[in-house]
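First up is the structure itself, then whatever we jot down about it.
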Amino acid sequence: MRRCSRTGCANPAVATLTYAYADSTAVVGPLATYAEPHSYDLCEAHAMRLTVPRGWEVVRHEGEFAVPQPSADDLTALAEAVREAGRADRPVETSDAAGGTGRRGHLRVLPDPVDD
């Protein structure tokens, strides 16, 4: 369960706050499926009391915010990801001998600058 992003608040998150800086708008909507780096999870109290600077607009979800319940699909996907990451026989990409670079998941191996 995700928690409210506000400092000192331990309540469960039920809404996601996203800023549209180009439009001077803050959008408070239902809790996003995944935590995003440029958005903030808020509890119901903070989602309803949010204020913005003068000249900005708040677009707020109408209705009640509900705490999302974990589904069996979420738990199964998490368990599968943990099993896959822990497999000893999982193929690992090796570095490319010609270019000196390689990949492993989302990481990339770069050649040592001293070897150039």
Side-chain angles (χ1 to χ4, degrees):
M1 179 183 312
R2 291 173 10 212
R3 300 276 178 207
C4 183
S5 298
R6 296 292 301 259
T7 304
C9 183
N11 293 326
V14 297
T16 297
L17 166 64
T18 306
Y19 291 107
Y21 292 100
D23 300 326
S24 299
T25 303
V27 180
V28 180
L31 188 63
T33 307
Y34 300 101
E36 297 289 332
H38 300 290
S39 61
Y40 304 90
D41 296 335
L42 300 175
C43 66
E44 185 171 15
H46 287 121
M48 298 306 288
R49 290 192 326 232
L50 177 78
T51 59
V52 294
R54 185 176 297 161
W56 279 59
E57 181 181 355
V58 177
V59 176
R60 199 180 315 264
H61 168 74
E62 292 185 19
E64 295 183 14
F65 292 106
V67 177
Q69 299 299 318
S71 70
D73 293 340
D74 294 340
L75 297 175
T76 302
L78 178 60
E80 289 297 325
V82 169
R83 280 190 209 108
E84 179 65 25
R87 276 186 33 212
D89 64 336
R90 182 177 59 160
V92 176
E93 295 180 28
T94 58
S95 64
D96 180 15
T101 63
R103 294 189 72 76
R104 180 173 179 165
H106 67 284
L107 301 175
R108 190 170 57 147
V109 178
L110 299 174
D112 189 357
V114 176
D115 293 340
D116 288 342

Checklist entry - Do Val59 and Tyr40 sit in the same hydrophobic cluster, where Ile, Leu, Val, Met, Phe, Trp and Tyr count as joined when their side-chain heavy atoms come under 4.5 Å apart? => result no
Checklist entry - In terms of hydrophobic clustering (I, L, V, M, F, W, Y; side-chain heavy atoms under 4.5 Å; direct or indirect links), are Val27 and Tyr21 co-clustered? => result no
Item to check | Any donor-acceptor N/O pair, Thr16 side chain to Ala32 backbone, under 3.5 Å | outcome: yes
Checklist entry - Between atom OH of Tyr19 and atom OG of Ser39, what is the distance when rounded to the nearest 0.5 Å? => result 11.0 Å
Next on the checklist: I'd like to check the side chain to side chain donor-acceptor pair (under 3.5 Å) partners of Arg3; sequence neighbours left out, ordered by chain and number.
Outcome noted: none
Checklist entry - Taking all non-hydrogen atoms of both residues, which atom of Trp56 and which atom of Ala26 are closest, and how far apart? => result CE3-N, 4.2 Å
Next on the checklist: Going by the rule side chain to side chain contact (heavy atoms under 4.5 Å, CB included), which residues pair with Tyr34 if we only count those two or more places apart in sequence or in a different chain?
Outcome noted: Glu36
Checklist entry - Got a sec, which residues hit side chain to side chain contact (heavy atoms under 4.5 Å, CB included) with Arg49, two or more places apart in sequence or on another chain? => result Ala45, His46
Item to check | Leu31 to Arg2 - nearest heavy-atom pair and separation | outcome: CD1-NH2, 3.2 Å
Checklist outcome for this item: For Cys43 and Asn11 the tightest heavy-atom approach is CB-CB, 3.6 Å
Checklist entry - How about Leu17 and Val28: do any of their side-chain heavy atoms sit closer than 4.5 Å? => result yes
Next on the checklist: Could you check whether atom CZ of Arg6 has more than 12 heavy atoms from other residues, nucleotides or ligands sitting under 6.0 Å from it?
Outcome noted: no
